[in-house]
Visitor: 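Encoded as structure tokens, here's the structure I'll be asking about.
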Amino acid sequence: MENQCLPKKVPGFCSFRYGLAIFLHFCNIVIMAQRVCLNLTMVAMVNSTEPPHLPNGSTLETLDDLKNPVYSWSLDIQGLILSSVLFGIITAQIPVGYLSGIYPMKRIIGSSLLLSSVLSLLIPPAAQVGATLVIVCRVLQGIAQGTVSTGQHGIWVKWAPPLERGRLTSMTLSGFSMGPFIVLLVSGFICDLLGWPMVFYIFGIIGCVLSLSWFLLFYDDPKDHPYMSTSEKDYITSSQQVDLPRQSLPIKAMLKSLPLWAIIVNSFAFIWCNSFLVTYTPTFISTVLHVNIRENGLLSSLSYLFAYICGIVAGQLSDFFLSRKIFSVVTVRKLFTTLGIFCPVIFIMCLLYLSFDFYSTIIFLIFANSTLSFSFGGCLINALDIAPRYYGLIKAVSSLFGMTGGLISSTMAGLILNQDPENAWHIIFFLMAGINVACLTFYLLFAKGEIQDWAKETENTRL
């Protein structure tokens, strides 16, 4: 319908909208690197199992201590430090999601990225003061990172043409997979050569540079961009709604919307599955394959690399199907949601019953992790189809539900592993498979691909 009036000649890959996607891609890499690096540096930061160095220690040991300061933090304190960033992220979801539909995101995202980067620079000196100050820094960093990850979704309401939503959003979201991959590869070398504080300094400085570049290069509305060609502006703006007037939030209609609940439910399944696999893949590799830490880190990082590739492929293919009119919007969303939610179930079952050696186990585990990213072309972008006006808020609410699932999955997995080590992995994987299948079934029944009545600009729903 609306796409028929689009200009025939539009800029290709080398365009400002793709430049924005690549820029956000690097921003997401950096905030994920800042978030995850502490999980690895904690090994070098804490040494509670060995006695303090004796006064007659060698000069080399003294230099190593100066380069890699060690703190006496208990396991409980370590767990609190590692999880504190998540509490900050959860706190930011709903407020930022609501504000993203009302206020421009340039200052909010740029300031939050800068704050997260400055806090990354402050973590090494904060560790010298004490664990409490580190926890405070991590909570504030979580709020800043949650603001960046949630607020950016509202940008694509104005910047993404309907036939390019999949590839543009998948390019940005794939940065969340590339960030941990890079951290797992380089942080160990940085700790050995320069000391663990340099991990925070390096990613903090990179984040500061990106945030300052954001203020200079980004424009909230493509119509305001001084250097963009007229043809690209017309291509972007002609396919979108007119400037959205402010109106009261249609809460009752949203609560009754089954297509909206289909998105929320599948976000729960996606993050439940993703959180468990990200958290416990190293544990599974260690207990089942009995490899050393360096091999474990390398094998664990492969999942992020393949997840990154799958996310990019999902975005490209979903838009290809739409642009060639091979499938409708709702069919494309259901197809990639099925691939992203059901494929991990298939590979997990293969992992349990068809993996007979080291290589088959690793292959099935990598595919179970990476195929989740096909959801980038499905349920994770579906809110932009059914309610572009409230896209930021819907992403925030679905992320909040999903993170709740992530917390539950990690907690339950730990309890099951402690209580029944013999059959723990079978129980955990079957539970994950059941949740995925149930949520996917709900999505396939109720998902839609067109703007819902309560999200149309002519709607004047009152609370």
Visitor: Checking the side chain of Ser323 only, and the main-chain atoms of Phe320 only, is there a donor and an acceptor separated by less than 3.5 Å?
Guide: yes

Visitor: In sequence, state the C-alpha distance, the side-chain angles, and the governing distance for Ile29 and Ile182, and then conclude on side chain to side chain contact (heavy atoms under 4.5 Å, CB included).
Guide: CA-CA 8 Å; Ile29 288 176; Ile182 292 174; 3.9 Å; yes

Visitor: Which atom pair, heavy atoms only, marks the closest approach of Glu164 to Tyr235?
Guide: OE2-OH, 3.3 Å

Visitor: Within a reach of under 6.0 Å around CZ of Phe26, are more than 12 heavy atoms found that belong to other residues, nucleotides or ligands?
Guide: no

Visitor: Is it the case that the side chain of Gln34 and the backbone of Ser120 share a donor-acceptor pair, with hydrogens and angles ignored and the cut-off at 3.5 Å?
Guide: no

Visitor: Before you tell me yes or no, could you show the steps for Tyr304 and Tyr308 under ring pair (Phe, Tyr, Trp, His ring centres under 6.0 Å), namely the whole-Å CA-CA distance, both residues' side-chain angles and the distance that decides it to 0.1 Å?
Guide: CA-CA 6 Å; Tyr304 292 105; Tyr308 175 82; over 10 Å; no

Visitor: So does Ile81 get a backbone contact from the side chain of Ser84, meaning a donor-acceptor N/O pair under 3.5 Å?
Guide: yes

Visitor: Could you tell me which non-hydrogen atom of Ala144 sits nearest to which non-hydrogen atom of Leu115, and how far apart they are?
Guide: CB-CD2, 4.0 Å

Visitor: Using salt bridge (Lys or Arg N to Asp or Glu O under 4.0 Å) as the criterion, list what pairs up with Asp319, not counting sequence neighbours.
Guide: Arg167

Visitor: Measure the NZ-CD1 distance between Lys106 and Ile155 for me, rounded to the nearest 0.5 Å.
Guide: 11.0 Å

Visitor: With a 4.5 Å limit on heavy-atom distance, are the side chains of Leu260 and Ile394 in contact?
Guide: yes

Visitor: Can you tell me if CZ on Phe87 sees more than 12 non-hydrogen neighbours from other groups inside 6.0 Å?
Guide: no

Visitor: Measure from NZ or CZ of Lys334 to the centre of the six-membered ring of Tyr443, then state whether that distance is under 6.0 Å and the direction lies within 45° of the axis.
Guide: no

Visitor: If we ignore hydrogens and angles and just use 3.5 Å, is the side chain of Lys395 paired with the main-chain N or O of Ala383 as donor and acceptor?
Guide: no

Visitor: Side-chain contact, heavy-atom cut-off 4.5 Å: Ser370 with Ile309?
Guide: no

Visitor: Considering all heavy atoms of both residues, which atom of Ser170 and which atom of Phe376 are nearest to each other, and what is their separation?
Guide: CB-CB, 4.2 Å

Visitor: Would you please test Ile143 and Ile89 for side chain to side chain contact (heavy atoms under 4.5 Å, CB included) and show each step?
Guide: CA-CA 5 Å; Ile143 294 173; Ile89 294 172; over 6 Å; no

Visitor: To the nearest 0.5 Å, what is the distance between CH2 (Trp272) and CD1 (Ile435)?
Guide: 3.5 Å

Visitor: Within the structure provided, determine whether Phe401 and Trp261 are in side-chain contact (heavy-atom separation under 4.5 Å).
Guide: yes

Visitor: By the definition side-chain contact (heavy atoms from CB on, under 4.5 Å), identify the one residue from Ile123, Leu119, Leu86 that meets it with Arg138.
Guide: Ile123

Visitor: Using 30° and 60° as the class limits, which term best fits the ring planes of Phe367 and Phe347: parallel, tilted or perpendicular?
Guide: tilted

Visitor: Without swapping roles, check the side chain of Asn436 against the backbone of Ile341 for a donor-acceptor pair under 3.5 Å.
Guide: yes

Visitor: Under 3.5 Å, side chain of Ser373 to main-chain N/O of Ala307, donor-acceptor pair present?
Guide: yes

Visitor: Taking salt bridge (Lys or Arg N to Asp or Glu O under 4.0 Å) as the definition, give me every residue that meets it alongside Arg333, ordered by chain and number, with sequence neighbours left out.
Guide: Asp385

Visitor: What's the separation between atom OG in Ser257 and atom CZ in Phe446, rounded to the nearest 0.5 Å?
Guide: 11.0 Å

Visitor: Counting N and O atoms only, with roles assigned by atom type, does the side chain of His225 sit under 3.5 Å from a partner on the main chain of Asp221, one being a donor and the other an acceptor?
Guide: no

Visitor: Does the side chain of Arg17 reach to within under 4.5 Å of the side chain of Pro161, using non-hydrogen atoms?
Guide: yes

Visitor: Evaluate whether atom CZ of Phe342 has more than 12 neighbouring non-hydrogen atoms of other residues, nucleotides or ligands under 6.0 angstrom away.
Guide: no

Visitor: Answer whether the closest heavy-atom distance between the side chains of Cys208 and Leu114 falls below 4.5 Å.
Guide: yes

Visitor: How would you list, by chain and number, every residue that makes a salt bridge (Lys or Arg N to Asp or Glu O under 4.0 Å) with Arg35, sequence neighbours excluded?
Guide: none

Visitor: Ignoring hydrogens, what is the shortest heavy-atom contact between Phe284 and Thr361? Give both atom names and the distance.
Guide: CE2-CG2, 4.0 Å

Visitor: Check the orientation of Phe336 and Phe321. Use parallel for under 30°, tilted for 30 to 60°, and perpendicular for over 60°.
Guide: tilted

Visitor: Phe429 vs Phe276, test: ring pair (Phe, Tyr, Trp, His ring centres under 6.0 Å). Steps then yes/no.
Guide: CA-CA 10 Å; Phe429 286 141; Phe276 165 73; 5.6 Å; yes

Visitor: Tell me if the centroids of the rings in Phe23 and Trp214 come within less than 6.0 Å of each other.
Guide: yes

Visitor: Within a 6.0 Å radius of atom NZ on Lys448, are there more than 12 heavy atoms belonging to other residues, nucleotides or ligands?
Guide: no

Visitor: Say whether, by atom type as modelled, one donor and one acceptor occur between the side chain of Asn28 and the main chain of Phe176 under 3.5 angstrom.
Guide: no

Visitor: Would you compute the distance between atom CG of Asn274 and atom OG of Ser267 and round it to the nearest 0.5 angstrom?
Guide: 11.5 Å

Visitor: Give the minimum heavy-atom separation between Gly166 and Ser318, together with the two atoms involved.
Guide: CA-OG, 3.7 Å

Visitor: Cut-off 3.5 Å, side chains only: do Thr172 and Thr169 have a donor facing an acceptor?
Guide: no

Visitor: Counting N and O atoms only, with roles assigned by atom type, does the side chain of Lys158 sit under 3.5 Å from a partner on the main chain of Lys223, one being a donor and the other an acceptor?
Guide: no

Visitor: So, Tyr390 and Gln452: side-chain donor and acceptor under 3.5 Å apart, yes or no?
Guide: no

Visitor: Where is the tightest heavy-atom contact between Thr41 and Phe200, given as atom of each residue plus distance?
Guide: OG1-CZ, 3.4 Å

Visitor: Under the side chain to side chain contact (heavy atoms under 4.5 Å, CB included) rule, what do Leu168 and Trp159 come out as? Steps first, then yes or no, please.
Guide: CA-CA 9 Å; Leu168 290 173; Trp159 274 88; over 6 Å; no

Visitor: Are the side chains of Ser328 and Thr331 in contact, using a 4.5 Å heavy-atom criterion?
Guide: yes

Visitor: Evaluate the side chain to side chain contact (heavy atoms under 4.5 Å, CB included) criterion for residues Phe374 and Leu380: first the C-alpha distance (whole Å), next the side-chain angles of each, then the deciding distance (0.1 Å), finally the verdict.
Guide: CA-CA 9 Å; Phe374 282 120; Leu380 296 188; over 6 Å; no

Visitor: Where do Ser112 and Gln145 land on the side-chain hydrogen bond (donor to acceptor under 3.5 Å, both in side chains) test, with the steps shown first?
Guide: CA-CA 7 Å; Ser112 299; Gln145 292 178 0; over 6 Å; no

Visitor: Donor-acceptor pair, distance only, cut-off 3.5 Å: does the side chain of Glu232 make one with the backbone of Phe16?
Guide: yes

Visitor: Measure the CD1-CG distance between Ile346 and Leu351 for me, rounded to the nearest 0.5 Å.
Guide: 13.5 Å

Visitor: Nearest 0.5 Å please: distance from the CG atom of Leu24 over to the CG atom of Leu173.
Guide: 9.5 Å

